[in-house]
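Report on the structure given below.
Atom set for the values below is all heavy atoms of this structure, side chains included, hydrogens, waters and symmetry mates excluded. The model shown is predicted, which means the values in this text are computed figures rather than measured ones.
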Amino acid sequence: MRRTYFESPIVMTTVRLVAPFALTYGAFVTLHGAESPGGGFQGGVVVAATVITVAFAFGVRPTVDWVDERVVVGVFAGGMLAFGAVTVGTVLLGGAVLQVDLLPVSIKYGIEAVEVFIGAIVAGVVTSLFFLLSEGGDGE
Amino acid sequence: MTVALELALVVFVVSTAVATAVLRDIVASIAVFAAFSLGISVIWLVLQAPDVALTEAAVGAGIMSVLLLVTVAKTARASDEGALVSVNPRALAAVGLLLLVLVSTVPALPEVGSEEAPALQKTVDGELTPYGYYVEEAYNETGVENSVTAVLVYYRGFDTFGEATVVFSAVVGVLVALGGSRRWGEE
Amino acid sequence: MTEVESLRPLAAVAVSAVAILGILAAHRRPNLRESVTLVSATVMFGVVASMVPGVLNGTVYVTRLDEVVTGVPFVLRADALGILFAVLASFLWIPTSLYSIGYMRGLDEGGQTRYFASFAGALSATMGIAFASNLVVLFVFYELLTVSTYPLVAHDETDEARSAGRKYLAYTFGGGVAVLAGTVLVYVAAGTVGFSAGGIEGLTGGAGTNVARLAFALLAGGFAVKAAVMPLHSWLPDAMVAPTPVSGLLHAVAVVKSGAFGLARVVLDVFGPDAIAEIGAGLPLAGLAVFTFITASVIALRKDNLKRRLAYSTIAQLSYIVMGLALLKPAALVGGLLHVPAHAFMKLTLFFCAGAIHVETHTDRISRMAGIGRRMPVTMTAFGVASLGMAGIPLLAGFVSKWYLLAGSFSAGNVVFAFALLLSGVLNIAYFWPVVYGAFFETREGSDEKPVIDANIGGYWSGVADHYAGGAFTDGGHGDEDDGGWKKPGWRGGEASPFVLVPILVAVGGAVVIGVAPATVYFFRIVRLVVENVTGVAV
Amino acid sequence: MTGIGLFAGHQYQIAFVLLVGVGLYTMIDAKNLVKKVIGLNIFQVGLFLFLVSSGYLAGAGPAIIDGEGRYVNPLPHVLILTAIVVGVSLTALALALIIRVYDEYGTLDEEHIQEVMDGD
Amino acid sequence: MTDALLGVVIALPVIASVVPLVASFWREEIGWYVAVVALVLNAVLIGSVVRSFVSGGILSHEVGGVAVPYGIELALDGLSAPVLVVIAVVSVGTLAYTRTAGPRSNSFYSGYLLLTAGLVGVTVTADVFNLYVFIEITGLGAYALIASGGDGRSAYAALKYLLVGTVGASLYLIGIAYAFVATGTLNMADLSARLADVGYGDTIVLASFAFIIAGLGVKVALFPLHTWQPDAYSASPYGVAGYVSALVSTVAAYALGRVILTVYTPGFLTANPVVSSGLIYFGALSIVAGSVLAVLQTDVRRLLAYSSVSQFGLIVAGFGIGNTASVFGSVVHLFGHAVMKGALFLTAGIIAYRFGVTRLDEYAGVARRVPYAGAAFAVLALSLVGVPPAIGFVGKWYVALGAVRAGETAVAVVIFASTLLTLMYVARLLDRMYYGEAPEAVADGGGGTRVTRGMVALVVLASVAVVALGPSASAVQETLALGEVLGG
């Protein structure tokens, strides 16, 4: 029982207009986690939610094709690898595991960097989960 | 924030939770669940947890509902006889027992918001507690105003690494569950 | 007593363990496989025998390894008591191996590789039991013995054999658990489980008396299972479904004697006779032993299946040993311990004879053996001699040990035990004599095809046992005597092959030597040394 | 009703108990597998409520530090953020498994599935 | 530097788990190689961490360089070191097995690596909330792996496991929340001190303990919280069943012991005799019920699964008794059971792949067709019974010894009696395997092609190890210095 998409021009236009702002908001939430509520996780979810909104407006399959799975996987895999690199890297620098203050920037920026990685992971994963659940199954 | 509002919120979330439980139609259930999540995120705001509120709103009301709906769309929307489920006495008894245990501990718990609560002491035996440390020292040490972020990434960064791993595990798990990774890279 | 570090105790254990590998590797070449068995049996006996002179001079050979569990060192220790058991088992393994070859090939048995490998494993475990220096090491090998003999009991793979195997496992593991529990109690109470002649210090007395009683009950009860003391005996008659060499060496020597041996260790080296007297545990055990040998003898009377009759005889004879140990007097101890080798030689002879009859004629039932003495005169003569020994006729092995048991009973001041012994001797004659008499002086036609007593005794009319006794028992499905060997050509003078005959002669010869000149045989000297070490009294 | 007096100041804890109860009840009772997953989420939210309320300080602001002041304890918030993420991850996996089960058995009803499986 | 490796051994498999997923775009079936490289490297690192523990005593690492109790601490002591070793060994061993047997998709190996990371994390963390996170990672990994069977049955079993397991983890978190409410801290050592200050008789402290035990009890699969476990073990591929049965409950039981002994401490148990007896009898009940249920099974995997319920009862009882002997027994049994049970499942897998048989009555005569695997199965099963000198005996000995020393005679009786119950199902199995009339599938020699010599060699190796480890287990008692863990 696949959902048939009703391509409403109003919805599509609205989404087209809103999506860039939503993405920007996601980035903002991610980057300003240090000063205000929010952070990588919330920002990532907002970004993913934007993609999902797009998918609702334009249909899942076209969205998957448009976004390209490689990009989605690349985003969260890159986030994971970067986070992992920080975790293990500080040990190689002679410090403790995940010793953010050993990074060549101030602690604050180190924290923000990690927030960005988290944002990437969450955005990528949540988008993937949505795609997988809506595309998966059906015994293909 | 008045006590009345707080009580109203509590009543709201509990009733939406009960409604979620008793509604037979799964889509209706999901809709009420979204309302429940919104109610909860207001409670987070009342409890001065804006980070949690933001997350709850985005996840509980947003992502979670979408995923649930997608799943229902992929499967079946069973809505046979009656709008509400009938009560299952055995389940009720089992759950009632647990509730009895939980309720009996409530009077022993410190009142919410009380300064006497052990979790809100800044020092114990002259040493800073985690709470004291996070509100007194964290900003000086990290330059990050939002101490939730400071704790999340810096002080308890390893939890967050674990959290990222959990998220990643979810996608791996879904891939495995849905029949391997062949789907990726196809088409 | 001097302790000498030596690898010989370990070597004795290891020889046949290593041999298992050789046996398995040679599974496609039976001759090579059996050579491995024979060589390792010879080597094992050589190693054990080489320690005898030293032990008699008061030397104890010790192999120290690491700890088994904390506070319990893994030490193998060839002391007098251990060497008694080890010499016996390793010596008898040689004729039994020869016999096995004749028997297994004679019957064209399946699974021979498994058979010989398990046999080697069982011997290894037996050596371990003999040389164990403490309860934990003893327990380790005790359990390994169970595991390695299980395939032998279930060898035939018939339903009877498998159910006997399961019963065997259940009983002996149950006993093992009791032993383990007792061991833990002893360890907690005394801080050690190491054997020490005359008993471990500080195990009894004071508030610990009840704990000590419980520990003794568990240990004695656990070992009594393998020693087949009633009411824990019923696995043994069922286990007779195993091939006869197994019944012979394991169920008359190694396995059941490991129970008796464990009991001896408990009495002599864990608690010590004095402590046992103190907690009042001797008399109940002795009483149980008396009950066992009288009852078992009576049951033996009505068993028509020869191996089953022998099994009940074994149960009875083992209880002599138990009684000797339980009476706690030096003479009784000597009698009990001396009965270990005496019974071994005699019972092995009897089993070998039963097996020889089975191989040649496929006959298991006594009522069908009328006149068989004329066909197999050597075999049946040996059978007769061993039977007389069992009954305690002078100049045979059984006499000497019974003599000491009698002396011990009197010195214990309890004449009841002496009378029980004499009564049991009479019963022995009653259940063996018909076999011998029928074999030589009756013919098939003129014989009465009934066991000595054909009535229901003590409600023992149910269960698997009597199913067999009723005639359906065919020793695992081999040979039905009705159209089996009786009509074979070569009926006159049809003795078994030398592989079977020579071991019979060796075993019966041993029984005679022990009886005629006990002082010249090492066993007697070893036993006296053991008792002297424990009680301080030279017997 | 003395109960109300006893539970004044404990309203969130009572809500925690009730939500845990409702969630668990749904998990046990619901035949529909998706419903069970929703029950699981309610159960977890109840638990979150308990933890977050334990860090609440009356009259204090959120733990965004600007000079001296009263702040709530940020630690429970951090824990709950992590726990929410864990929850959504588990939900996603559960839903994927449900889709898989549906593909196989054509129903989401626990009892039907059990019947089909026993029939195998 | 070495103590930082405690974090690295968690992070390394996580990082490695990303690789197969990304690599899927270019190549299938590359996951195994990635996993082998990562886990062998991880095993080497674990080796060096453990070596440094052996030579220098307890290791502790403050993650991020943040002082305890404000940050997260990782630690390695006598309780965790053996578990860490067994994780390293089993993860590599089972991986070798899945080379031909297991699911071969890349995402499967990502899941495998994540599960391993979770297991290691649970083992080395010294923070109760961090423990929760790793429990969930372990859970997610396990659910995913169990679902990799690819049929509806395995998906359903995984879902059931997920629902029950998450409730278990949440109950644990409720317990943590109570402890947090009482103390405001999460570091194990700090929490332990604060709980003592609050008082062991405090309602909140008792509630926290109860919820933690109940929650972890679900994860360990103690009776009657075990319902997820037989389905999970029997519906998953054999390689997975081997891995999950060997380690997942093991680390949960370890976590249980860790919380009981180092957070609440034996002092708590002494102060609350009712609680401590309750815990011990909880374990004892599991011993008996698990064995009885195992005896009733007709499916070999379910039999083995219920046997785990029983064996973990023994381990928990040992922790509950809480003296050095019983705790050492539990640790030995944790280690031994992991090897035994894992290898038993792998051996059952060899038999299933070869002959397509899974039920007890179909096992008739299989041992003769696969003599090496059959012998390994026999040795492992007998070790499970507790036949000395194999390691199964050693664990039982120490727990029993501890029970008698603590005056818990009834528990000692249960432990001894459980030997016989274990024997009941093991004897049934072995009797069938060796003496039964082979059914057609077996007599034909089977048509399975997925059994390699390597797989057989692996289980034979495991059976040899089980025997060899027994006598050597006691030698590490001093090194582990469990007295130190128990607070001297």
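In terms of heavy-atom pairs under 4.5 angstrom with chain C, the leader among E:P389, E:G470, E:A403 is E:P389.
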Donor-acceptor pairs under 3.5 Å, chain C versus chain E:
unit_1	atom_1	unit_2	atom_2	d
C:V68	O	E:S474	OG	2.9
C:T70	N	E:Y398	OH	2.4
C:T70	OG1	E:Y398	OH	2.8
C:T70	OG1	E:Q477	OE1	2.2
C:Y150	OH	E:D431	OD1	3.4
C:E157	OE1	E:R368	NH1	3.1
C:R162	NE	E:D431	OD1	3.2
C:R162	NE	E:D431	OD2	3.2
C:R162	NH1	E:Y435	O	3.4
C:R162	NH2	E:D431	OD2	3.0
C:R166	NH1	E:D431	OD2	2.7

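Contacts of E:V404 classified as side chain to side chain contact (heavy atoms under 4.5 Å, CB included), with partners at least two apart in sequence or in another chain: C:V184, C:L185, C:V188, E:A412.
Considering every non-hydrogen atom in both C:L169 and E:L423, the closest pair reads O-CD2, 3.8 Å.
In this structure, no portion of C:A178 lies under 4.5 Å from any heavy atom of chain E. Using a 4.5 Å cut-off between heavy atoms, C:V147 touches chain E through its side chain atoms alone. Of the atoms belonging to E:L401, heavy atoms from both backbone and side chain fall under 4.5 Å from chain C.
Within the 4.5 Å cutoff, no side-chain heavy atoms of E:P388 are placed close to those of C:V136.
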